[in-house]
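Since this is a predicted model, take the numbers as computed values, not measurements. Position 1 is the first residue of the sequence, and the numbers go up from there.
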Amino acid sequence: MINGNATVLQKHQQRPSYATTVSMYSNAEQVVEESKTCGKILTGLSWVLVVLTMPFSLFICFKVVQEYERAVIFRLGRLLSGGAKGPGIFFILPCIDAYARVDLRTRTYDIPPQEVLTKDSVTVSVDAVVYYRVSNATVSIANVENAHHSTRLLAQTTLRNIMGQRPLHEILSERESISQHMKALLDEATDSWGINVERVEIKDVRLPVQLQRAMAAEAEASREARAKVIAAEGEQKASRALREASEIIGDSPAALQLRYLQTLNTISSEKNSTIVFPLPIDILSYFIKGKELNFP
């Protein structure tokens, strides 16, 4: 019981009392009020400086941003209300205002070749291109130190992670789906940085030389196998046609003679010096029979 009471007393001693909490809040409010008062004083002095140095101060106070740019203004280290300024002319106070230009045009980042080990343990070199732009100028300045550099590093890491989760045949045949998946991941991650990823394209997938040779040999063997199958099917169909032709010719001996004459005509058109033409015995039998009838 003594140890338990001592523990309870220690916990109560560690907790801040109500008076301490109220004192902390009052101190914080006092600091905020002092900073606001100091800011108002410095702002007033800046306006006085602008008025006293007229018209030379106008060359410093008025700034211009282009149509594709925005200006994020900080007054005494704090973001100025109203968001980013521009395009066109905007006004800043000297000594207390600072601004940063943000380009809203689409940028292109060519991801350098990344050595990736695929899901089926094949090393490939993959490169891609990312198209992105700043969608919120204020967030891109206030939430991240360098939005463009961070987006590029994230694009490289995302490319390696996605390629490492897929086998080689998917990387070679499903580039469009991989690009869409990578775009969705990048767009979700860079939304808090004020960056909008518009498009991602896989440019090239380079394979090792030995793997290229192995794949070429496999493709060649596959083509040769298909060629042999096609040739065998052709021989089979040709043999069936020849069998049907032989049956037709066998029913009519004159058809065989016509076929011989057609063959002779085909050979003669090739301009050969020697033609060997088989003469069937059936033709000679007609001449022998006629001779016997005329000369008994």
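I202 has its side chain within reach of L159: a pair of non-hydrogen atoms, C-beta onward, lies under 4.5 Å apart. In this structure the side chain of V124 never reaches within 4.5 angstrom of the side chain of M163, judged on heavy atoms. Contact annotation: the side chain of L80 never approaches that of F74 to less than 4.5 Å [non-hydrogen atoms, C-beta and beyond]. Counting heavy atoms from C-beta on, the side chains of L168 and L207 come closer than 4.5 Å. Taking the side chain as every heavy atom from C-beta outward, I195 and V134 approach each other to under 4.5 Å.
Remark: L93 CG to I73 CD1 distance equals 9.0 Å, nearest 0.5 Å. We find the CD1-CZ distance between I141 and R101 to be 12.5 Å, quoted to the nearest 0.5 Å. The distance from the OG atom of S192 to the CG atom of N136 is 11.0 Å, given to the nearest 0.5 Å.
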Worksheet item: Run the side chain to side chain contact (heavy atoms under 4.5 Å, CB included) check on K85 and V65 step by step: do they pass?
Response: CA-CA 8 Å; K85 306 298 181 181; V65 291; over 6 Å; no

Item to complete: Step by step, work out the side chain to side chain contact (heavy atoms under 4.5 Å, CB included) result for R166 and E174.
Response: CA-CA 10 Å; R166 293 176 178 264; E174 299 181 4; 3.7 Å; yes

Practice prompt. Check the pair T151, L186 against side chain to side chain contact (heavy atoms under 4.5 Å, CB included), reporting the backbone distance first and the verdict last.
Written response: CA-CA 8 Å; T151 302; L186 285 176; 5.8 Å; no

Item to complete: Report the C-alpha distance between F62 and F91 in whole Å, list the side-chain angles of each, state the deciding distance to 0.1 Å, and finish with yes or no for side chain to side chain contact (heavy atoms under 4.5 Å, CB included).
Response: CA-CA 5 Å; F62 284 103; F91 183 84; 3.9 Å; yes

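A donor and an acceptor atom, one from each side chain of R226 and S222, are located under 3.5 Å apart.
Criterion: ILVMFWY side-chain heavy atoms under 4.5 Å apart, direct or through other members. Under it, I162 and L172 are part of a common hydrophobic cluster. Cluster membership check: V197 shares its hydrophobic cluster with L104, using side-chain heavy-atom separations under 4.5 Å among Ile, Leu, Val, Met, Phe, Trp and Tyr. Tracing side-chain contacts under 4.5 Å through hydrophobic residues (I, L, V, M, F, W, Y), one reaches L185 starting from L154; they form part of the same cluster.
Relative orientation of the Y132 and H148 rings is tilted, given thresholds of 30° and 60° on the angle between their planes.
Taking every heavy atom of both residues into account, A84 and T138 meet most closely at N-OG1, 3.6 Å. Residues Q165 and K119 share a closest heavy-atom pair of O-CD, 3.6 Å.
Considering only residues two or more places apart in sequence or on other chains, R133 meets the salt bridge (charged side-chain N to carboxylate O under 4.0 Å, His left out) condition with E198.
Cation-pi geometry between R199 and Y131 is not satisfied (NZ or CZ under 6.0 Å from the ring centre, within 45° of the ring normal).
Looking only at distances, a side-chain donor or acceptor of R70 sits under 3.5 Å from a matching main-chain atom of E67. Looking at D127, its side chain does come within 3.5 Å of a backbone N or O of D204 through a donor-acceptor pair. Between the side chain of E69 and the backbone N or O of Q66, at least one donor-acceptor pair lies under 3.5 Å. Side chain of N161 to main chain of T157: a donor-acceptor pair is present (N/O by atom type, distance under 3.5 Å, no hydrogens or angles). Proximity of a side-chain donor or acceptor of T158 to a complementary backbone N or O of A155 within less than 3.5 Å is not detected. Side-chain atoms of S150 never come within 3.5 Å of backbone atoms of A147 as a donor-acceptor pair (strictly under, hydrogens ignored).
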